[in-house]
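Step one of this worksheet: look at the structure below.
FYI, side chains are in, hydrogens and waters are out, and symmetry mates aren't considered; it's all heavy atoms of this structure. Remember, it's 1-based here, ligands and their atoms both numbered in the order they're listed.
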Amino acid sequence: MQRRDLLAHLGRSAATLALGTLFTPGAGRSGERVERLPGGDDPFTLGVASGMPAPDGVVLWTRLAPRPREPLGGLPDAAIAVRWELAEDERFSIGRHTGVAWARPEHAHSVHVDVDGLPSDRRYFYRFHAGEATSPVGRTRTAPAPDAVVNRLRIALASCQHYEQGEFTLHREIASRDLDFVLFVGDYVYESSNARLRVRPHEALQPTTLEGFRQRHVTYKLDAALRAAHAAHPWVLTWDDHEVENDYAGAASRDPSRTAADFLQLRAAAYKAYFEHMPVSPRSAPVGADMRIHEHYPWGRLADLWTLDNRQYRSLQPCNPEGIAGGRLLTQCATLEDDAATVFGAVQERWIGEQLAASQRGWRLLAQGTQIAPGGIDTPLGRSIFSDGWDGYPKARARLLRAIAEQPQGNVVCLGGDVHRHVVARLRADPSDPRSAVVASEFATSSLTSRGLSDTATALMRSSNPDLLHARSDERGYVLLDLTPQRLRAELRATAFPVAADAQVHTQARFVVEQGHPAPQSDA
Ligand code: FE
Ligand code: CA
């Protein structure tokens, strides 16, 4: 696999050199200015993180920012050497790997180390050193070898952490759990604000520039509970809309005054700041307004997981004015039947189709931003749907469900978020036909903090959609998934809205999916 990273290689050879020479001011490899980290303030205010666990490696992340609310975190416009260490024990003596990476000002002094050549299925501790300072210690792991027999996989499925709408208390619990990884499916930061729901303020106005999006990520990363969840586990990530702008679709903004060119500039700034603050591979670094987030994660012979991107390549929501994005409630709309409408875009759709068809592992987990199961409400005027979800793209959904139905091994489970409610659903080959076969299970997690729909609307949604076995918008939460070759167990963790710092967390419901039986069953 293409996990080769220049910095890691530089790191490995540099580790044998006297490190002192790398920390002295002078010319860097490409001739840029290199500086010693100014002493004094702790440069690791934004914590450490790891992600994208692979059978032979994992990505380590940090960003140097001694004064994180200042431009460039209070650092000079120069590259700074950061030494990383990874080992099997907390004293960094067993199976130790180390290297040097450059924190470069053009990436806000973030560091993304794609460590490769590691043994599979191994747990690790890691940390960084810059100047005199040492970072907090993080914990991570590599994935099992692709052909290894694996008996268990534990995931926390989470999404939607509006900073203003609640404390990140659920991250404390996630940090304390014994997990293989956190699967975060979008709305990591929110660009927008709602004064009526504010329990703590975003520290700046809605971002539109690179500096603005960096500041937004800083506000989130300064939350200690979020840093703890990153330090405790590797994260596997995809995004939804709020990392850029609510309800955007491809190159279309919901702001009619923004042309596609303007919006792509904003999207480029948002993706760049996202990259700079996330434990994703340096290979994922955006090029202009494009950044690949969809990936395949094999987990021994137990599971294939795919992260999917439902924003960057999607076509405009149906029945919208030309070129203007945004979700709406629709009852009548001819373009709903448009075959060309797409959620994943042609290239990603072909990719996931081929991946699904070829997959031989025990379980197939499709992780994407939102709810696939229909959620429209039957009204006297007809069915009312929200056009930003999969309900707005029924032809694209039909194609995805056909690819799932044709998967020879079955055992497909769809994982999503975005809807701010815990949802457990049966997915049918043809969702409009109640006699059509159930082909997969779906779990959409509630939000970590963001407010959900009213109970009245949620009750109408349940009664209009018998395949929604569970749907509750009143509580915030996340989903613990525990997979074995025989079954997948899902525990829906929950707490009241708005989430308080000392919130009590309880189990709202338990479901199980048995191997060979696509429908979820209550496991109360
Ligand atoms: Fe959300
Ligand atoms: Ca969303």
query: So Glu191 and Arg216, salt bridge (charged side-chain N to carboxylate O under 4.0 Å, His left out) or not? Walk me through it.
result: CA-CA 8 Å; Glu191 87 295 8; Arg216 184 52 43 98; over 6 Å; no
query: Is it true that some N/O/S atom of Asp187, main chain or side chain, lies under 3.0 Å from the Ca ion (ligand 2)?
result: yes
field: Trp235, Tyr188, Tyr478 screened by ring-ring contact (aromatic ring centres under 6.0 Å, His included) with His171, the one that passes
entry: Trp235
- request: For the Ca ion (ligand 2), decide whether Asp241 has an N, O or S atom at a distance under 3.0 Å.
  value: yes
- prompt: What do you reckon, are the aromatic ring centroids of His202 and His162 less than 6.0 Å apart?
  reply: yes
query: What N/O/S atom of His420 gets nearest to the Fe ion (ligand 1)?
result: NE2
field: Steps toward ring-ring contact (aromatic ring centres under 6.0 Å, His included) verdict (His112, His277)
entry: CA-CA 9 Å; His112 300 78; His277 293 85; 9.1 Å; no
- request: Please confirm if an N, O or S atom belonging to Ser159, backbone or side chain, lies less than 2.8 Å from the Fe ion (ligand 1).
  value: no
query: With a distance cut-off below 6.0 Å to the six-membered ring centre and an angular limit of 45° from the axis, does Arg63 pair with Phe275 as a cation-pi contact?
result: no
field: the Fe ion (ligand 1) to nearest N/O/S of Asp187 less than 2.8 Å
entry: yes
- prompt: Is any N, O or S atom of His242 under 2.8 Å away from the Fe ion (ligand 1)?
  reply: no
At the Ca ion (ligand 2): angle between Asp418 atom OD1 and Asp240 atom OD2, to 10 degrees: 90°
